[in-house]
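Side chains are part of it too, since the values below use all heavy atoms of this structure and drop only hydrogens, waters and symmetry mates. Naming: A, B, ... by sequence-line order, numbering from 1 per chain.
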Amino acid sequence: MHRWSQLFIPTLREAPADAEVASHKLLLRAGYIRQLGAGIYSYLPLGQRALNKIVAIVRQEMDRIGQEFLLPTLNPVELWQESGRESVMGQNLFHLKDRKGAELVLAMTHEEVITSIARNELRSYKQLPQVWYQIQTKFRDEPRPKGGLLRVRQFLMKDSYSFDMDDAGLDVSYRKHDDAYRRIFTRCGLDFVAVEADSGAMGGSGSQEFMVYTEAGEDLIASSASGYAANLEKATSKLAPVQDLEATGDGLPELVSTPGKAAIADVTEFFGIHASQDIKCVAFMGSRTGQAASEPLRPVVAFLRGDHQVNETKLNAIAGTAELRPMLPEELELYIGGPAGYLGPVGIAQGMTQGSLNGLKSGKPLDRVKGIFRDVPTEGLKTIVVMDLGLEGRANLVAGANKQDFHLRNVTPGRDFTPTVIADIRNINEGEPDPFAGEPLRLGKAVEIGHIFKLGTKYTESMGSRALNAAGKEVTPIMGCYGIGIERILTAAIESSAAAFAKLTTDDAKLKTQPDSNATGSQGSRTPEPSYALPAAIAPYAVVVTITNVREAPLLEAGERIAAELDAAGVDTLLDDRDERAGVKFKDAELIGIPYRINVGKKLAQGQIELVDRLTETTIDLPLDQVAAHLKALTTSKP
RNA sequence: CGGGGCGUAGCGCAGUCUGGUAGCGCACCUGCUUCGGGAGCAGGGGGUCGGAGGUUCGAAUCCUCUCGCCCCGACCA
């Protein structure tokens with residue numbers, strides 16, 4: 001039991017002007033954190049207590065599936081050069097020199113270090129599988145830290161790594177993490193979704209992000225009532241069938257003069273068609289990560305339905321590029337053969353021949369496409385033509401003719417042009433049916449709290465980790481890597497709760513204003529103070545016992561006794577024994593986000609106290625002898 | 001890195017345009033009153049006006065340079 005009068009809890013009535021998002025303001029006002037620099041924060045006692053509770057839950061669940069390490073943050077740069085990530089990570093990796101001039105980096109993740117241990121120690125299949133984890137400070141020189149603790153340059157991460165002899169083993173390790181993560185986030189009281197994610201710069205096959213919907217988030221995710229959920233970078237949808245146009249004339253592509261009709265809206269109006277019956281062309285020049293300026297850019301041309309949008313992450317994955325920029329007019333002429341506004345797939349100057357691609361024409365053999373495009377840029381490679389799945393099997397579409405002021409109709413993919421590859425390269429739209437159950441998709445911002453990843457042999461291969469299998473044959477262990485942002489669990493919990501409170505107060509305001517038309521208007525335009533409450537499992541204290549007036553001896557004595565009883569019952573208790581007015585103490589208790597408050601006040605004369613449940617915004621009276629048992633039941637988390 | 005904004009007491013701000021003794025609210029200290037929703041009255045402490053240079057009799061204010069922070073974008077296991 002801690003006494004508020006002796007603690008350092010510097011609450012603020014007003015948030016510093018720099019704070020924008022709710023969790024940032026509240027963490028500052030509640031005395032959880034103070035800022036030291038851009039993306040650098042000190043955790044004050046309350047913040048540290050909350051983080052410690054989260055860490056304890058994470059550790060408890062991780063110990064069920066793995067073993068804890070503590071790896072060094074200070075890494076010799078050579079280690080990162082060996083894996084090739086020193087250049088890949090670029091400026092995001094902090095660099096420094098020691099007194100001898102040797103270059104060091106501050107680790108932003110630990111694949112390299114853990115693999116260096118694995119390659120020295122893991123020699124036999126008998127030693128596998130292994131799941132190794134740590135909870136440790138990570139450093140990333142973010143280009144733009146923001147949102148308080150949401151994106152920072154120094155933060156706590158639980159990272160783990162699995163080593164298995166084969167894919168089946170990796171599946172097991174991955175599944176164990178999936179289960180552990182769900183238990184962890186559930187115990188932390190978060191309402192989360194697990195989404196399919198893009199593999200990004202990590203490389204590898206499967207990956208899943210754990211997200212919490214919040215306006216403060218930086219990612220866009222799609223989910224539906226059926227349980228389907230995916231990052232927008234990966235999300236797909238089932239498209240409603242489109243009625244194709246009737247063929248005109250001899251059914252072959254027909255040149256139509258369309259002077260000045262460059263925009264899709266103009267074209268569809270001119271032909272009297274829907275945008276879904278038109279082919280849109282989006283053309284890029286792509287480059288690879290760390291590509292030298294001297295290396296030629298890769299032309300990437302995407303065709304998709306007129307009413308669809310390109311998703312550049314998906315397109316990058318297909319084209320084996322990392323960055324795309326729009327083609328310049330002369331590039332359009334060179335690689336497509338037409339002017340902007342009249343670009344189309346028919347007769348496109350496609351350098352990738354049937355032969356060079358070994359008949360890669362559908363989305364299926366993507367890995368082989370990646371193999372060609374990513375690792376062995378083909379000599380004389382010209383335009384990569386990617387057609388979106390939304391055009392597959394369609395007929396008699398309208399498209400640019402690659403000729404100023406002309407379009408073609410009766411364009412049928414497969415017959416009139418052959419894309420290099422057919423793949424999903426579009427953004428889904430809100431409300432489209434999900435790919436499995438057909439439930440409408442909801443798009444929303446979310447914050448990523450965890451990520452699990454089937455890594456493969458990227459590091460074990462490049463860093464030379466090998467183990468002998470039962471047959472005495474040398475194999476490369478397969479890795480998985482898995483991360484949880486500790487601070488993000490805290491911020492996500494605050495953001496979610498603050499949003500729920502904000503909704504309550506606005507609903508409340510609506511209720512109040514509706515029936516009472518002659519109200520005095522006192523609610524005015526003042527925005528309600530943001531409020532929140534943390535789940536008991538991660539709050540710095542589960543309960544605060546508020547003695548409404550410490551100068552009244554019976555109240556003080558009862559408060560002390562109740563707090564001691566709670567303490568004895570194992571409930572993490574804060575006793576507000578300050579000589580302050582009751583109002584101040586109520587406000588402070590709410591500000592620091594404690595989920596349960598016991599008011600020791602007037603009702604003591606009847607042998608009762610009030611229990612305020614901040615999560616449900618309800619208050620009940622309880623007899624003194626039931627307090628400890630009641631709170632213990634409320635606050636005990638089940639591991 | 002591109003665009004925008006802001007640096008004046010612990011926090012929130014005014015003062016800058018038009019140069020002339022650095023102010024307000026909250027917080028803090030003392031006293032009295034008050035005591036279940038951020039109390040009232042009285043008194044008090046606290047400032048290199050982000051930093052450096054310049055213009056001027058005189059600079060928070062004008063000029064130059066610079067540092068820091070926030071937001072949007074780019075970027076981002």
Side-chain angles (χ1 to χ4, degrees), chain A residues 10-21 24-25 28-29 31 34-41 83 85 88-93 107-112 138-148 150-153 155 157-161 197-204 207-210 216 218-219 231 233 289 312-313 322-325 447-455 458-459 479-485 488 529 531 546-552 555 576 578-591 597-604 609-610 612 619:
Chain A
T11 59
L12 299 173
R13 259 171 111 147
E14 289 176 285
D18 282 348
E20 189 96 345
V21 302
H24 189 195
K25 286 182 186 166
L28 286 166
R29 288 189 55 212
R34 287 294 182 262
Q35 182 171 24
L36 188 60
I40 311 174
Y41 289 87
S83 71
R85 286 211 299 182
V88 172
M89 294 309 177
Q91 300 235 291
N92 270 30
L93 190 59
M108 51 197 295
T109 169
H110 279 79
E111 282 80 6
E112 281 80 1
K138 296 285 186 278
F139 293 86
R140 296 183 184 183
D141 195 359
E142 293 285 346
R144 187 152 92 83
K146 60 177 165 180
L150 278 172
R151 180 165 290 279
V152 289
R153 296 196 289 173
F155 61 98
M157 174 183 269
K158 186 292 297 173
D159 48 321
S160 45
Y161 309 89
D198 181 62
S199 308
M202 291 293 293
S207 118
Q208 210 176 189
E209 289 171 334
F210 293 83
E218 298 180 273
D219 289 276
N231 197 300
E233 295 168 349
T289 307
E312 292 191 22
T313 306
E323 205 171 325
L324 298 167
R325 65 149 173 87
V447 62
E448 178 183 354
I449 52 174
H451 199 160
I452 58 177
F453 211 90
K454 289 184 182 174
L455 196 49
K458 175 170 174 174
Y459 297 92
M479 285 178 71
C481 67
Y482 319 87
I484 290 180
R488 283 193 176 175
E529 266 186 40
S531 190
T546 301
I547 301 171
T548 56
N549 187 343
V550 294
R551 295 176 184 210
E552 290 183 30
L555 297 185
D576 193 349
R578 294 175 298 165
D579 184 9
E580 290 285 353
R581 298 162 62 86
V584 172
K585 297 166 97 167
F586 293 153
K587 292 285 188 195
D588 269 346
E590 283 154 18
L591 183 55
R597 185 174 82 235
I598 289 168
N599 294 340
V600 182
K602 320 186 248 217
K603 290 173 186 165
L604 187 68
I609 53 85
E610 284 168 349
V612 180
T619 302

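Considering only residues two or more places apart in sequence or on other chains, A:H110 meets the ring pair (Phe, Tyr, Trp, His ring centres under 6.0 Å) condition with none of them. A:E218 pairs by the side-chain hydrogen bond (donor to acceptor under 3.5 Å, both in side chains) definition with A:K146, A:R151, not counting sequence neighbours. The side-chain hydrogen bond (donor to acceptor under 3.5 Å, both in side chains) check on A:E580 picks up nothing, with sequence neighbours excluded. Among residues two or more places apart in sequence or in another chain, the side-chain hydrogen bond (donor to acceptor under 3.5 Å, both in side chains) test is passed with A:K602 by none. Residues meeting the side chain to side chain contact (heavy atoms under 4.5 Å, CB included) test with A:E552, sequence neighbours left out: A:N549, A:P554, A:L555. Partners of A:T11 by side chain to side chain contact (heavy atoms under 4.5 Å, CB included), not counting sequence neighbours, listed by chain and number: A:I9, A:D588, A:L591, A:I592. Considering only residues two or more places apart in sequence or on other chains, A:Q35 meets the side-chain hydrogen bond (donor to acceptor under 3.5 Å, both in side chains) condition with none of them.
Along RNA chain B, the nucleotide nearest A:E610 and the nucleotide nearest A:E448 are compared for position; the residue whose nucleotide lies closer to the 5' end is A:E610. Toward the 5' end of RNA chain B, the nearer of the two residues A:V600 and A:R140, judged by each one's closest nucleotide, is A:V600.
At a cut-off of 3.5 angstrom, counting only N and O atoms as typed in the model, there is no donor on one side facing an acceptor on the other between the side-chain of A:E14 and the base of B:rG10. Taking only distance into account, the side chain of A:R597 meets the base of B:rG37 through a donor-acceptor pair shorter than 3.5 Å.
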Protein-nucleotides 38-40 of chain B N/O pairs under 3.5 Å:
{"residue": "B:rG38", "atom": "O2'", "partner": "A:R13", "partner atom": "NH1", "Å": "2.7"}
{"residue": "B:rG38", "atom": "O2'", "partner": "A:R13", "partner atom": "NH2", "Å": "2.1"}
{"residue": "B:rG38", "atom": "O6", "partner": "A:R29", "partner atom": "NH2", "Å": "3.1"}
{"residue": "B:rG38", "atom": "N1", "partner": "A:D588", "partner atom": "OD1", "Å": "3.3"}
{"residue": "B:rG38", "atom": "N2", "partner": "A:D588", "partner atom": "OD1", "Å": "2.9"}
{"residue": "B:rG38", "atom": "N2", "partner": "A:D588", "partner atom": "OD2", "Å": "3.4"}
{"residue": "B:rA39", "atom": "OP2", "partner": "A:R581", "partner atom": "NE", "Å": "3.4"}

Could you list all N or O pairs between the protein and nucleotides 67-75 of chain B that sit under 3.5 Å apart?
{"residue": "B:rC69", "atom": "OP1", "partner": "A:A38", "partner atom": "N", "Å": "2.9"}
{"residue": "B:rC69", "atom": "O3'", "partner": "A:Q35", "partner atom": "NE2", "Å": "3.4"}
{"residue": "B:rC69", "atom": "O2'", "partner": "A:D18", "partner atom": "OD2", "Å": "2.6"}
{"residue": "B:rC70", "atom": "OP1", "partner": "A:Q35", "partner atom": "NE2", "Å": "3.0"}
{"residue": "B:rC71", "atom": "OP1", "partner": "A:G147", "partner atom": "N", "Å": "3.3"}
{"residue": "B:rC72", "atom": "OP2", "partner": "A:R144", "partner atom": "NH1", "Å": "3.1"}
{"residue": "B:rC72", "atom": "OP2", "partner": "A:R144", "partner atom": "NH2", "Å": "2.6"}

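A salt bridge links A:R597 with A:E590: the closest approach of a Lys/Arg side-chain nitrogen to an acidic carboxylate oxygen falls below 4.0 angstrom.
When atom types are taken as modelled, the side chain of A:K158 and the backbone of A:G485 share no donor-acceptor pair closer than 3.5 angstrom. Put simply, the side chain of A:D141 never gets that close to the backbone of A:P143: no donor and acceptor are under 3.5 Å apart. With A:S83 contributing its side chain and A:R85 its backbone, the two residues share a donor-acceptor pair below 3.5 Å.
Partner assigned to B:rC75 is none, using Watson-Crick or G-U wobble distances below 3.5 angstrom. Using N1 to N3 plus N6-O4 or O6-N4 for Watson-Crick, or N1-O2 and O6-N3 for G-U wobble, each under 3.5 Å, B:rC17 pairs with nothing. For B:rG45, there is no paired base (Watson-Crick or G-U wobble, both distances below 3.5 Å). Partner assigned to B:rA39 is B:rU33, using Watson-Crick or G-U wobble distances below 3.5 angstrom. Pairing for B:rA59 is absent, with no Watson-Crick or G-U wobble pair whose two atom distances lie under 3.5 Å. Applying the Watson-Crick and G-U wobble criteria (two distances, each under 3.5 Å), B:rG12 pairs with B:rC24. Applying the Watson-Crick and G-U wobble criteria (two distances, each under 3.5 Å), B:rC69 pairs with B:rG5.
For A:P16, taking side-chain heavy atoms from C-beta onward, the closest of the listed nucleotides B:rG36, B:rC35, B:rC11 is B:rC11.
Rounded to a whole angstrom, the distance from the C1' atom of B:rG12 to that of B:rA27 is 11 Å. The gap from the P atom of B:rG58 to that of B:rC71 amounts to 41 Å, rounded to the nearest Å. Look at the C1' atom in both B:rU55 and B:rC63: the space between them is 7 Å, to the nearest Å. Between B:rC69 and B:rG37, the distance separating the two P atoms is 42 Å to the nearest Å. Separating the P atom of B:rG19 from that of B:rC57 is a span of 15 Å, rounded to the nearest Å. Separating the C1' atom of B:rG25 from that of B:rC32 is a span of 23 Å, rounded to the nearest Å. For B:rG51 and B:rU61, the P atoms lie 10 Å apart once the distance is rounded to whole Å. Nucleotides B:rG15 and B:rA60 place their C1' atoms 8 Å apart, quoted to the nearest Å.
The CZ atom of A:R85 sits 14 Å away from the C1' atom of B:rC76 (whole-angstrom rounding). Note: CE (A:M157) to P (B:rC76) measures 16 Å, nearest angstrom. As rounded to whole Å, 10 Å separates atom C1' of B:rC1 from atom CD of A:Q91. We find that CZ of A:R551 is positioned 10 Å from P of B:rC32, with the value rounded to whole Å. Following rounding to the nearest Å, A:K25 (NZ) and B:rC11 (P) show an atom-to-atom distance of 17 Å. A:M479 has its CE atom 12 Å from the C1' atom of B:rA77, to the nearest Å. Rounded to whole Å, atom C1' of B:rG12 lies 13 Å from atom CG of A:L28. In this entry the distance linking CZ of A:F155 with P of B:rC76 reads 15 Å, nearest Å.
Nucleic acid contact class of A:D159 (heavy atoms, under 4.0 Å, all strands): none.
Side-chain contact between A:D579 and A:R551 is present, with at least one heavy-atom pair separated by less than 4.5 Å.
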